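Everything numeric here is computed off the predicted structure, so don't read it as measured data. The chains referred to below are lettered A, B, ... by the order of the sequence lines, with proteins before strands, and numbering in each begins at 1.
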Amino acid sequence: MLDLKLYLLQRLSALVMAPLVLGHLAVIIVAVQNGLTSEEILSRTQGSFWWALLYGTFVVAVSVHAAIGLRVIVFETLKLKGFALNSLTWAIFLGLFFMGARAVWAVTAVGAT
Amino acid sequence: MLRKLIDSVGPQFEAFKSQDEGLGVTETDKNIDVSVWRGGPDGGSFQRFEVPKQDNQTILDVVAWIQQNDDPTLSYRFACRVGMCGSCAMMVNGNPRWTCRTHVNKVLKNDRLEIAPLRNLPVIKDLAADMDPFFDKWREAGGVFHPTKSRNDPVEEISPLEEERQNANAGIECINCGVCYAACDVVAGNPDYLGPAALNRAWTLLNDTRDCGSQSILAAVSRGGGCHNCHSMGNCAHLCPNELSPMTSIAGLKRVTALSFLRPGN
């Protein structure tokens with residue numbers, strides 16, 4: 001079930017994700033083509049504010065977008081409503097955010113791995 | 001005077017009648033295998049009938065034949081029979097259609113037909129659906145006109161060239177038959193969703209410069225079951241017998257509500 005605020009949040013998060021997805025694909029292609037090892041990648045990302053900002057933003061946008069999208073699917077197919085639906089939406093958001101933030105931390109924080 | 005009128009119209013009527021008989025109901029030797037939904041609010045099942053196939057036969061003709069020749073207890077709804085009133089809409093082979101304007105030849109599959117009451121609405125009996133939820137949502141979406149003038153004021157001049165008027169004109173021919181509502185998979189999944197017809201009405205009213213209720217309309221269509229639930233699947237536009245596009249109207253509502261939220265002054 002969507003109201004105006006959730007609709008806007010989902011559209012805005014999609015707007016943020018679109019260039020980040022393209023950027024992420026470009027990073028994958030460049031990293032693979034040049035034959036970078038994981039050590040070499042980590043040496044460039046750890047301690048980098050910009051890599052942390054790029055992937056940190058990506059994680060927030062994905063968590064918001066996916067949580068709202070799954071909320072709609074769950075509501076329409078399983079007929080979950082009210083408190084249960086809101087709780088599930090928040091749980092999906094927090095779950096995705098936690099996993100994503102952990103990965104960003106591991107790749108960009110100095111001495112994380 | 002009356003005599004004169006009868007004398008002048010009589011020959012034309014006879015000519016029209018013979019022409020109509022010549023064009024219309026020629027029976028063929030084939031039968032149609034028709035499954036008709038029978039039951040009430042608590043459920044039901046399909047009942048099969050054999051109906052003689054005729055040239056230029058509509059689905060409404062088939063239903064009427066069953067009631068008049070086979071089972072007089074069959075309930076269904078119709079009024080004008082010419083696509084003006086919108087009361088005879090039913091599910092025909094899985095799609096909602098005006099039965100009076102749907103030729104059997106157009107929808108027949110292997111000489112079989114399946115006729116059921118409109119989807120997404122409670123059933124009263126057999127093929128008659130309860131339209132109350134449909135019209136309740138029409139009002140919930142702010143579809144009642146909010147006048148700016150009284151009957152004592154002069155009639156306002158509206159230019160047909162204005163963008164807003166053209167937006168309103170694009171959706172104004174809706175006759176509330178419920179075909180789009182029955183076609184909508186979002187209504188099927190979300191019973192609170194206002195549906196294509198109610199939102200199309202809200203959009204036409206929002207674009208009517210004589211209406212002063214734009215804020216209440218925007219608030220009504222922005223709630224939990226409002227326009228933002230539309231997945232833009234397009235069944236409403238695909239199946240509307242008047243070839244309207246409620247999906248386009250809903251896209252307009254999404255745009256205006258979003259802009260109104262982001263720029264509250266405008």
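Within residues 250-258 of chain B, the residues having any heavy atom under 4.5 Å from a heavy atom of chain A are, by residue number, Lys254(B), Thr257(B), Ala258(B).
The side-chain contact (heavy atoms from CB on, under 4.5 Å) with His228(B) is formed by just one residue from the set Val72(A), Leu4(A), Leu8(A); it is Leu4(A).
Heavy-atom contacts from other residues, nucleotides or ligands closer than 6.0 Å to CZ of Arg101(B) number 12 or fewer. The number of heavy-atom neighbours closer than 6.0 Å to CD of Glu173(B), taken from other residues, nucleotides and ligands shown, is 12 or below. The number of heavy atoms from other shown groups lying within 6.0 Å of CZ (Phe98(A)) does not exceed 12. Counting heavy atoms of neighbouring residues, nucleotides and ligands inside a 6.0 Å radius, atom NZ of Lys5(A) does not exceed 12 of them. By the neighbour-count criterion of 12 heavy atoms within 6.0 Å, atom CD of Glu163(B) is sparsely surrounded, having that number or fewer from other residues, nucleotides or ligands. Heavy atoms from other residues, nucleotides or ligands lying under 6.0 Å from NE2 of His238(B) number 12 at most. For CZ of Arg102(A), the number of neighbouring non-hydrogen atoms (other residues, nucleotides, ligands) closer than 6.0 Å is 12 at most.
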### Worked verdict on Glu76(A) versus Val186(B) for side chain to side chain contact (heavy atoms under 4.5 Å, CB included)
CA-CA 8 Å; Glu76(A) 289 186 7; Val186(B) 180; 3.9 Å; yes
### Task
For side chain to side chain contact (heavy atoms under 4.5 Å, CB included), just list the numbers for Lys81(A) and Asp192(B), CA-CA rounded to whole Å, side-chain angles, deciding distance to a tenth of an Å, and then say yes or no.
CA-CA 11 Å; Lys81(A) 282 183 177 183; Asp192(B) 296 331; 4.1 Å; yes
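The structure places SG of Cys227(B) at 7.5 Å from OH of Tyr7(A), a figure rounded to the nearest 0.5 Å.
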